Protein chains: 2
Amino acid sequence: MTIDQKAPTTVVENDDLRLEKFLPYRLSVLSNRVSNAIAQAYGARFHLTIPAWRVMAILGRFRDLSAAELVEQTAMDKVAISRAVSSLLKNDYITRSEDPGDRRRQVLNLSDQGREIYARIVPLAHRYENDLMASLSGDEREQLDGIIDKLMVRAKEWSERGLIDE
Amino acid sequence: MTIDQKAPTTVVENDDLRLEKFLPYRLSVLSNRVSNAIAQAYGARFHLTIPAWRVMAILGRFRDLSAAELVEQTAMDKVAISRAVSSLLKNDYITRSEDPGDRRRQVLNLSDQGREIYARIVPLAHRYENDLMASLSGDEREQLDGIIDKLMVRAKEWSERGLIDE
DNA sequence: TAACATTGGTTTCAAATGTAACCACCGCTG
DNA sequence: CAGCGGTGGTTACATTTGAAACCAATGTTA
């Protein structure tokens, strides 16, 4: 079994691609595994999908938001929000009322029941996150945040300006 | 603007959840951004979906694989492989032949054309990866690998044994 | 205030994805 | 070699997801 030693700073461009070492691939597998596991946990206990849970997570912290404001906060799109909202309404986890000032706008809030669920999920969520973090060393934990931030910035540029083409 | 100082080692369990700080959420957003950007690049130039490209990436390195072996290598499921394979066949990017020893089994390889495409994509893929990596410091780059590995192990446990329940 | 562009949100339709059923073949057992 | 469980792979169906069209209310301009 060969162990990679520190590669030279200059990055090597191979003729081959090792999928299992390819960052975008690994991110995708990791993120799917994590999301699916959590989705199952939420789904089983509270009949919540991930998008629905995200909406609740935001409404748990901010009151009187509109769907559009949820879009800003969640990086989800209009349609996903609309669907999550309507399913949450069906479960009575949130409430919807008209904005008197603007009759297109709908003001969303957690219902009492929703707030209760929210209060029960938050510790779970923290537990999952801690459990993930627990597998890292202190050093790694400290850097993870910054790493993700930086990658995110770059990825955002990609999706806005298109890839580093031609 | 408040800057977080080193948090105490003991992890704080809040009553609130800051979605934008929540690791599973951030992973998901990051991975989606990256995948979408790349999918678009591949799609536009080579009419390849991500699953199809993954199949090609594996076949570029290993010859005479069966669909089942692709499943092992890619963390994709049977059906996804089957669909990717049939679309790649349609494009003549891969070839399929019967295994004489076992008539259920089909032996897959890149076609000449497929190998050509592969050779053109590999440098692109490396370029995208490098571009991502370039946003990190040397320190961060060095640790990223280990971090993902560790998180992956934990996530895998989750999906196998179910979440750290009750 | 009539016309038009904009915004908030939903609906519709097509494409992507996952699950389960399925078919054909293999290999073992009696 | 009949019967049966297991494997390789595809098909069928239900669900999720995304893009674009859409409806309604607002704001803006002439």
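These numbers come from a predicted model, not from an experiment. Below, chain A is the first sequence line, B the second, and so on; all start at residue 1. Worth knowing before you read on, the calculation uses all heavy atoms, side chains too, and leaves out hydrogens, waters and symmetry mates.
Residue B:His47 contributes atom NE2, which lies 13 Å from atom P of C:dA16 at whole-angstrom precision. Computed from coordinates, the A:Arg103 CZ to D:dC23 P distance equals 18 Å when rounded to whole Å. Between A:Glu98 atom CD and C:dT10 atom P there is a gap of 12 Å when expressed in whole angstrom units. Following rounding to the nearest Å, A:Asp99 (CG) and C:dT7 (C1') show an atom-to-atom distance of 13 Å. For B:Asp77 and C:dT19, the CG to C1' distance is 9 Å, given to the nearest whole Å. Residue A:Ile81 contributes atom CD1, which lies 13 Å from atom P of C:dG8 at whole-angstrom precision. If you measure from atom CG of A:Leu108 to atom P of C:dG8, you get 13 Å, rounded to the nearest angstrom. A straight line from CZ of A:Arg96 to P of C:dG8 spans 16 Å, rounded to a whole angstrom.
A donor-acceptor contact under 3.5 Å is formed by the side chain of B:Arg83 with the base of C:dG18. Contact annotation: side chain of A:Arg104 to base of D:dT26, donor-acceptor pair absent below 3.5 Å.
As judged by a 4.0 angstrom heavy-atom cut-off over every strand, A:Ser66 is placed among residues touching the sugar-phosphate backbone only. Residue-level contact check: A:Asp102 touches the backbone only, with heavy atoms under 4.0 Å from sugar-phosphate atoms and none from bases.
The OH atom of B:Tyr93 sits 5.5 Å away from atom CG of B:Leu48, with the distance rounded to the nearest 0.5 Å. Separating the CD atom in A:Glu72 from the CD1 atom in A:Ile81 is a distance of 11.0 Å, to the nearest 0.5 Å. The distance from atom CZ of A:Phe46 to atom CZ of A:Arg120, rounded to the nearest 0.5 Å, is 4.5 Å. To the nearest 0.5 angstrom, A:Gln73 atom CD is 9.5 Å from A:Leu59 atom CG.
Among all heavy-atom pairs drawn from A:Met76 and A:Val71, the shortest one is O-CG1, 3.5 Å.
The nucleotide whose nearest atom lies closest to any side-chain atom of B:Ala67 is, among C:dT17, D:dG9, C:dG9, D:dG9. Each of C:dT17, C:dT10, C:dT19 was ranked by its minimum atom distance to the side chain of B:Val79; first place goes to C:dT19.
The side chain of A:Arg105 contributes no N or O atom lying less than 4.0 Å from OP1 or OP2 of C:dT6. Listed pair B:Ser82 / D:dG9 fails the phosphate criterion, with no side-chain N or O lying under 4.0 Å from OP1 or OP2.
Mapping A:Asn36 and A:Lys78 onto DNA chain C by nearest heavy atom places A:Lys78 at the nucleotide closer to the 5' end.
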